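Quick caveat, the model's predicted, so the values are computed rather than measured.
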Amino acid sequence: IYTDGACTRSKVKEYQRAGWAIAQQDAEGRTTAYMYGPVPGYLPQTPQASETLAYVAAASCLTGEATVHTDCENIVHIASLPTAAALKYNRLHAALWKSAANSLSKRFVVAVKCVKGHVSTQEVQHDAEQYQHAIGNEKADALADIGAKVHGITNAQLKEANELHERLVAVAITMAE
């Protein structure tokens with residue numbers, strides 16, 4: 001299982017949108033199942049929230065033993081902690097981690113491993129394992145991008161918001177001088 005998160009960047013924080021995805025690959029690198037979606041609006045629209053939600057989705061829907069692969073070292077680190085440490089009240093996205101910990105499917109997570117993100121298959125074509133990881137991560141990344149776009153803010157609206165922000169900053173600087 002490969003997980004990934006994506007986040008559109010905006011100078012106007014409220015216009016950032018994040019998405020998450022999981023992709024299951026067979027031994028030949030074909031996608032056999034996938035899920036994706038937007039990070040809900042009540043959560044921060046950040047890369048970390050999207051990566052965390054992707055892991056939680058994977059841990060929550062497994063029906064058999066699987067290794068979860070992510071390109072986010074922080075996910076690997078937190079998933080390796082004892083449950084009490086992973087659920088510290090002040091940990092970022094503690095409620096999401098609690099959801100994963102309470103999931104009956106979590107028992108199917110054999111391991112959580114970090115894979116290199118944004119690696120082209122050409123770079124690793126002579127290493128079967130790395131090639132498999134590149135395909136899985138690439139698919140999860142593409143699906144997470146779709147998940148972020150599900151929010152419904154168009155690129156034109158995002159561009160307009162960023163331009164308005166720049167004009168407002170310029171006016172504020174001029175007024176301060």
Could you tell me if the side chain of [Y] sits less than 4.5 Å from the side chain of [X], heavy atoms only?
X	Y	result
Val39	Cys7	no
Gln130	Val119	no
Asp71	Asp4	yes
Leu53	Pro40	yes
Tyr55	Val112	yes

Is there a donor-acceptor pair under 3.5 Å between the side chain of [X] and the backbone N or O of [Y]?
X	Y	value
Thr31	Ala33	no
Gln16	Gln45	yes
Ser60	Ala57	no
Thr67	Val110	no

Grab the two heavy atoms, one from [X] and one from [Y], that are nearest each other, plus how far apart they are.
X	Y	value
Gly5	Ser50	CA-OG, 3.3 Å
Ala148	Ala6	CB-O, 4.2 Å
Ala144	Ala21	N-CB, 3.4 Å

Look up atom [atom1] in [X] and atom [atom2] in [Y], then write down how far apart they are to the nearest 0.5 Å.
X	Y	atom1	atom2	result
Ile22	Leu62	CD1	CG	7.0 Å
Lys116	Asn137	NZ	CG	11.5 Å
Cys114	His77	SG	NE2	13.0 Å
Glu28	Gln132	CD	CD	8.5 Å
Gln25	Glu138	CD	CD	10.0 Å
Thr52	Leu43	OG1	CG	9.5 Å

Pair Glu65, Val109 - check side chain to side chain contact (heavy atoms under 4.5 Å, CB included), show working.
CA-CA 6 Å; Glu65 290 186 344; Val109 176; over 6 Å; no
In this structure, would [X] and [Y] fall into the same cluster of hydrophobic residues linked by side-chain contacts under 4.5 Å?
X	Y	value
Tyr34	Ile146	yes
Ile78	Trp20	yes
Ile135	Ile1	no

With a sphere of 6.0 Å drawn around CD of Glu73, does it hold more than 12 non-hydrogen atoms of other residues, nucleotides or ligands?
no
Look at the aromatic rings of His69 and Tyr2 and report parallel, tilted or perpendicular, splitting at 30° and 60°.
parallel
For Asp141 and His118, what are the C-alpha separation, side-chain angles and deciding distance, and is it a side chain to side chain contact (heavy atoms under 4.5 Å, CB included)?
CA-CA 8 Å; Asp141 183 58; His118 309 286; 3.7 Å; yes
Working note: Thr3 + Ile75, criterion side chain to side chain contact (heavy atoms under 4.5 Å, CB included); need CA distance, chi angles, decisive distance, verdict.
CA-CA 10 Å; Thr3 68; Ile75 297 300; 5.6 Å; no
